[in-house]
Amino acid sequence: MPLQFFVGGNFKMNPTSRGQKESIIDALNYADLDSTTEIVIAPPSLYLIPLKEKVRKEIQVSAQNCFFKDSGAFTGETRRVNRTPAQLVDAQIPYVILGHSERRSIFNETSELVAKKTKAALNATLRVILCVGETLEEREAGQTAAVVQKQLQAVVDVLQESDWSGVVIAYEPVWAIGTGKVATSAQAQEAHLDIRTFLSGVVSPAVAENTRIIYGGSVTAANCKELSTQPDVNGFLVGGASLKPEFVDIINARRN
């Protein structure tokens, strides 16, 4: 059975006002959206609950990060990492993004820490959008597969096979995030197939077959249709374009 197409919108530290947030949500609420696509949006922490209460029911909401503890003396972590797994579950937020390259590079999150957070989130019944990807230097050195496999291996080491049903893998080449550069459809397909082959070998063929692998990195209305035709591209994680009207076109990329 084909995997359900998945489109996520990572708002990052946007929008900067409640008025802008209302405009974005109004546009989605009144848009004609492909009912066969799973849609998830990830606003800043401050807007998680108000946005969830206003957005149409077909659109799910995700946190952009979480901690690996459910509570405790961790001053500032609520603000910095978008709440704990238990708090997100209590607020009926179903998804969390973990391992984004900005967390890895700016905040020095290791693959082991990302794995620890992933296990904690899944244990709390959250679903995880797990981000992996290589830098331009690593791609030019022919290390894409090795880098991505190392990032994934840390997660493989702490999960049970059954845990993978709650994971969506987002392949996001760092060199394509917010740069206007985008992997060609052939490059995206190659990386996604490498990930699926890796999962088949280190977890199981069933997990490899049933795990959605989505592409992120300067996805726009102009390039989404070609990318969506690749057999191992099961959707997108969209950054800047998720704040614009073209996000609707990306959601509808698989429509004829």
Side-chain angles (χ1 to χ4, degrees), residues 1-8 10 34 36-38 40 95 97-101 104 111 114-115 118 127-177 179 181-220 222-239 250-251 253-255:
M1 178 180 292
L3 299 175
Q4 184 182 17
F5 204 67
F6 181 106
V7 176
N10 179 11
D34 187 345
T36 66
T37 294
E38 183 174 7
V40 178
Y95 273 98
I97 298 172
L98 294 174
H100 193 279
S101 65
R104 294 177 189 265
S111 293
V114 172
T118 299
R127 284 168 277 170
V128 174
I129 302 169
L130 174 66
C131 300
V132 296
E134 82 286 5
T135 65
L136 181 59
E137 293 77 16
E138 289 164 342
R139 169 162 282 275
E140 290 178 340
Q143 298 174 343
T144 296
V147 168
V148 170
Q149 288 174 16
K150 184 176 180 181
Q151 292 169 343
L152 286 171
Q153 186 63 56
V155 179
V156 169
D157 288 344
V158 300
L159 297 191
Q160 302 296 318
E161 182 174 346
S162 59
D163 291 331
W164 286 93
S165 62
V167 177
V168 175
I169 296 174
Y171 167 65
E172 293 199 301
V174 179
W175 49 272
I177 298 174
T179 63
K181 298 178 181 179
V182 62
T184 66
S185 56
Q187 287 173 323
Q189 168 58 23
E190 179 183 30
H192 285 220
L193 180 57
D194 283 345
I195 290 170
R196 205 173 299 283
T197 302
F198 176 74
L199 289 177
S200 181
V202 300
V203 185
S204 74
V207 164
E209 182 179 350
N210 293 305
T211 298
R212 287 176 291 182
I213 306 170
I214 63 177
Y215 173 78
S218 298
V219 178
T220 66
N223 59 39
C224 65
K225 279 199 174 290
E226 182 180 355
L227 285 163
S228 73
T229 64
Q230 300 304 305
D232 288 293
V233 175
N234 308 125
F236 304 115
L237 183 58
V238 186
I250 298 170
I251 292 170
R254 280 270 179 103
R255 266 189 177 168

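Sequential numbering from 1 along the given sequence is applied to the chain's residues.
Under a 3.5 Å cut-off, the side chain of Arg254 and the backbone N or O of Ser228 do form a donor-acceptor pair. When atom types are taken as modelled, the side chain of Arg127 and the backbone of Tyr95 share no donor-acceptor pair closer than 3.5 angstrom. Ser218 contributes a side-chain N or O that, together with a main-chain N or O of Ala176, makes up a donor-acceptor pair within less than 3.5 Å. Side chain of Gln189 to backbone of Asp232: a donor-acceptor contact under 3.5 angstrom is found.
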Query raised in the report: After noting the C-alpha distance and the side-chain angles of Cys131 and Ile97, does the key distance pass the side-chain contact (heavy atoms from CB on, under 4.5 Å) rule?
Result: CA-CA 7 Å; Cys131 300; Ile97 298 172; 3.8 Å; yes
**Report entry** From CA spacing to verdict: side-chain contact (heavy atoms from CB on, under 4.5 Å), Ser165, Asn210
**Finding:** CA-CA 8 Å; Ser165 62; Asn210 293 305; over 6 Å; no
Report task. Take Asn234 and Arg196 through the test side-chain contact (heavy atoms from CB on, under 4.5 Å) and record every step on the way to the result. Result -> CA-CA 12 Å; Asn234 308 125; Arg196 205 173 299 283; 2.7 Å; yes
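Leu237 and Ala170 make their closest contact through CD2-CB, 4.0 Å (heavy atoms, listed as atom of the first residue, atom of the second, distance). Between Cys224 and Phe236 the shortest heavy-atom distance is O-CZ, 3.3 Å. Nearest heavy atoms, Ser204 versus Glu161: OG-OE2, 2.9 Å. Nearest heavy atom pair, residue Asp34 against residue Ile251, reads CB-O, 4.1 Å. When all heavy atoms of Asn223 and Val219 are compared, the pair lying nearest together is OD1-CA, 3.6 Å. Considering all non-hydrogen atoms of both residues, Phe5 and Val233 come closest at CE1-O, 3.9 Å.
Between the side chains of Glu134 and Trp175, a donor-acceptor pair is found at a separation under 3.5 Å. Side-chain N/O atoms of Thr197 and Asp194 include no donor and acceptor closer than 3.5 Å. Arg104 and Ser111 are linked by a side-chain donor-acceptor pair at a separation below 3.5 angstrom, with hydrogens and angles left out of the test.
Expressed to the nearest 0.5 Å, how far OG1 of Thr37 lies from CD1 of Ile250 amounts to 12.0 Å. Once rounded to the nearest 0.5 Å, the distance linking CD1 of Ile129 with CD of Glu172 reads 9.5 Å. A distance of 8.0 Å separates OG1 in Thr135 from CD in Gln143, rounded to the nearest 0.5 Å. Taking CG of Leu136 as the start and OG1 of Thr144 as the end, the distance is 9.5 Å to the nearest 0.5 Å. Taken to the nearest 0.5 Å, the OG1 atom of Thr220 stands 12.5 Å off from the NZ atom of Lys225.
Residues Ile169 and Thr211 have side chains in contact (heavy-atom distance under 4.5 Å, counting atoms from C-beta outward). Between Ile195 and Val132 there is a side-chain heavy-atom pair separated by less than 4.5 Å. Residues Leu152 and Leu130 meet the side-chain proximity criterion, which asks for heavy atoms closer than 4.5 Å.
Within a 6.0 Å sphere centred on CD of Gln153, other residues, nucleotides and ligands contribute more than 12 heavy atoms.
For residues 141-170, no residue pair satisfies the ring-ring contact (aromatic ring centres under 6.0 Å, His included) rule, not counting sequence neighbours. Within the structure, ring-ring contact (aromatic ring centres under 6.0 Å, His included) pairs that include any residue of residues 182-207 comprise Tyr171-His192 (at least two apart or interchain).
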